[in-house]
Amino acid sequence: MYVRLFAGIWLLLCAALAVVAWGFQAPFAYDPVGPRAYPLLLLSLMGAGALWLLVKPHGEPTPPINWTLVRKIALCIATLLAYALLFEPLGFIVSTALAGFVLGVLFTGRPLACAISGVLMGILLYGLFDYLLDIPLPRGVLLFLEG
Amino acid sequence: METLNFLAQGFDVALRPVNLLVALFGAFVGTVVGLLPGLGPINGVAILLPLAFALGLPPETALILLAAVYLGCEYGGRISAILLNVPGDAAAIMTTLDGYPLARQGKGGIALSLSAVSSFIGSTVATCGVVLFAPLLAQWAVAFGPAEYFVLMVFAIACLGGMVGDKPVKTLMSALIGLGLATVGVDATTGVYRFTFDSVSLSDGIQFVIVVIGLFSVSEILLMLENTHHGQQAVKASGRMLFNFKEFCLTIWTTLRSAVAGFVIGTLPGAGATIASAVTYMSEKRMAGSSGRFGEGDLRGVAAPEAANNASACGSLIPMLTLGVPGSGTTAVMIGALTLYNITPGPLLFEQQPDVVWGLIASLFIGNVILLVMNIPLVGLFARMLSVPNWILVPAITVVSLVGVYAVHSTTFDLVLMIGLGVFGYLLRKLDFPLSSLILGFVLGEMMEDNLRRALSISNGELSILWTSPITLALWALVVLMLALPGIRWLRARQKKAKLAHA
């Protein structure tokens, strides 16, 4: 069932993208193919595949949705997104400590232990990447460390 | 003779202190990543690739690192398979069948040391195969024109559909998704922006590193949320740690046979270590007949898949080095690594970058020795790593992945894109779409379009150039065969069912 749903959405997406791809026109003809034929070929093949799955999704029984798991996954995605968005403004150390803590708790760690491991990870990995491996990382709110 | 000279030159490169150190580090990390359930070679290579690039390692060193991780993973996968009954990576599934019973019988130490030797023999045999056959194939492949290349890539993708087994449509779909993702960005020939939706960050395409880390690391993290079977006790490897001569003699022929078979399977595009270990386990079981105790703890049942999966890991480097067409998901990532360095993999690699190619091959020999030496005495240490809890492991993977992506462009956009791709990859995995074919498609995408358009430019738009030369004709025949395979298999299964119904 889920496969069928996915295939349906994918088919619509292919159609929408094909409309977008139709507009790819080069002002001059540099080569006989042009920029539009290849993406259109891929999209039509993909559309055919999606159609096949829509018709014959190979009827595996639809398992019931495990809502606790879904909630956990949504939380995890939200944490990762927050980490990504706060990575630059807060800087590596602070954002990593926070993300390390929240992810640790999500993966059934004890809060205190996760807090300690998060902070340690932020500081130690910063040292490893920035000083030893020379990969520049954002300092963010801890900018005063610069001097 | 010339080959030996090149090999000597390769050893010269591989024995440089930096490269030795990198091989040692890669072998260690690879073993650890391999033994952690859920994380396989592709994850290890994906996490380390951006770091290697950001560190400014020269291309041969970066490739040596990745190859050492790749090999190390194949070694590491067996440890959790034997002690925990959980395969560390997909290729070690077959090792659990006999490895875990052996460990329960108190022969865990023997199984571990013997399988380390099998792994060693497997990769050494296969590396010799690479030395012998890769230059020949490269010489032959120089004659390939754009049309031949295009058809070759079609063949590689068709192989995936034919080999990966029970879900050809989904496999081909994910390859197509990968090919599609590769079209994002400015078109190299005409300068037209495609699927960028006016975003500046997408104008030079989706970075390879972001796709790999998003699809493999982020989706893995989400998948790990479901695993609640932690706290499983590993069987202590007690008793005799080393195998004796008799046990060695029992398994040596199995090991050699499986090594050769694994090498051959590994060189085929699309068929990887997982298929190699399954095929050799089954055939050894059949050959042993009633004298074997396969499934209850036969040493040959550990030796065969371990020799095969290491051999196929090395064998899959052949299509990657000589044709620039990856044989497995992991080599696809390595090709991506080469393109990051502006090195185009393909037959000319042997002439233009002998340091890279032969350094890599020589480092396989060295890495193997390192791994063997590391794996027999340090098995206890590695086994203890199995008890690292997820609440430390997952944040660590997250941070390293994020830093890897950030190191490429230093933009928040890339980080968000990575997470978006990760969620997409997670959904695909839940729906049973194989991600390794997606990454294969993504790596091949640009080359495929390029070669198609170049071929058609040569012929002035005449499509027949794609099937007039004998090489292209032969390849198309193989493509048809590969695409027909699942259908043939399906028909056979139905006949068998019908027969059973009659009986």
Side-chain angles (χ1 to χ4, degrees), chain A residues 2-3 6 10 17 20-21 24-28 30-36 38-39 42-43 45-46 49-50 52-53 56 58 69 72-73 76-77 80-81 83-85 87-88 92 96 99-101 103-110 113-114 117-118 121-122 125 129 133-138, chain B residues 51 54-56 167 169-170 172-173 176-177 179-180 183 187 189-195 197 218 221-222 224-226 230 389-396 398-400 402-403 406-407 410-412 415-416 418-419 422-423 426-428 430-432 448-449 452-454 456-457 459-461:
Chain A
Y2 298 128
V3 173
F6 175 81
W10 202 254
L17 286 177
V20 175
F24 299 155
Q25 291 271 18
F28 297 98
Y30 295 92
D31 67 337
V33 184
R36 152 173 105 172
Y38 179 74
L42 289 181
L43 285 169
L45 284 174
M46 241 190 290
W52 172 276
L53 288 178
K56 276 191 123 173
H58 273 285
L69 183 66
K72 258 167 114 182
I73 284 171
C76 189
I77 295 172
L80 291 173
L81 264 181
Y83 185 26
L85 291 173
F87 194 68
E88 278 188 326
F92 177 82
T96 301
F101 170 70
L103 283 176
V105 172
L106 255 178
F107 280 85
T108 65
R110 282 203 313 278
C114 293
S117 85
M121 220 175 283
L125 288 177
F129 290 129
L133 299 182
D134 221 16
I135 297 169
L137 291 172
Chain B
L51 294 183
L55 276 175
K167 38 188 192 247
V169 178
K170 286 182 180 175
L172 293 176
M173 273 280 279
L176 282 170
I177 295 174
L179 290 173
T183 60
D187 170 37
T189 332
T190 56
V192 172
Y193 287 87
R194 295 194 294 190
F195 303 121
F197 303 102
V218 177
I221 290 167
L222 295 176
M224 278 167 112
L225 268 175
E226 295 174 21
H230 53 79
N390 273 355
W391 58 266
I392 293 183
L393 189 64
V394 170
T398 314
V399 176
V400 175
L402 221 75
V403 170
Y406 190 76
S410 306
T411 60
T412 304
L415 298 179
V416 176
M418 165 192 93
I419 292 166
V423 175
Y426 172 74
L427 290 178
L428 286 182
K430 292 302 283 179
L431 295 171
D432 229 10
M448 199 162 162
E449 181 179 11
L452 173 66
R453 284 167 71 172
R454 229 181 289 161
L456 291 177
S457 294
S459 70
N460 233 333

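In what follows, chains are A, B, ... by sequence order, proteins preceding strands, each numbered from 1.
Listed options B:Thr183, B:Val416, B:Leu402, B:Asp187 were ranked by heavy-atom pairs under 4.5 angstrom with chain A; first place goes to B:Leu402. Heavy-atom pairs under 4.5 Å with chain A peak, among B:Leu456, B:Leu427, B:Val169, at B:Val169.
Neither the backbone nor the side chain of A:Phe101 comes within contact range of chain B; no heavy atom of the residue lies under 4.5 Å from a heavy atom of that chain. Neither the backbone nor the side chain of B:Leu172 comes within contact range of chain A; no heavy atom of the residue lies under 4.5 Å from a heavy atom of that chain. Proximity to chain B involves both the backbone and the side chain of A:Leu80, based on heavy atoms less than 4.5 angstrom apart. Residue A:Leu17 touches chain B through both its backbone and its side chain, counting heavy-atom pairs closer than 4.5 Å. In this structure, the portions of B:Ile221 lying under 4.5 Å from any heavy atom of chain A include both its backbone and its side chain. For B:Tyr426, the part sitting under 4.5 Å from any heavy atom of chain A is the side chain, from C-beta outward, and nothing else. Looking at A:Phe129, only its side chain comes within 4.5 Å of chain B, counting heavy atoms on both sides. The parts of B:Ile177 that come within reach of chain A are both its backbone and its side chain, each placing non-hydrogen atoms under 4.5 angstrom from that chain. Both the backbone and the side chain of B:Val399 have a heavy atom closer than 4.5 Å to some heavy atom of chain A. For chain B, the nearby parts of A:Leu81 are the backbone and the side chain; heavy atoms of each come within less than 4.5 Å.
Between B:Ile419 and A:Ala84 the shortest heavy-atom distance is CD1-CB, 3.6 Å. Shortest non-hydrogen contact noted between B:Ile392 and A:Met121 is O-CE, 3.9 Å. Looking at every heavy atom in both residues, A:Met46 comes nearest to B:Met173 through O-SD, 3.4 Å. Considering all non-hydrogen atoms of both residues, A:Cys76 and B:Leu222 come closest at SG-CD2, 3.8 Å.
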Query - Worked check of side-chain contact (heavy atoms from CB on, under 4.5 Å) between B:Leu415 and A:Glu88 - result: CA-CA 10 Å; B:Leu415 298 179; A:Glu88 278 188 326; over 6 Å; no

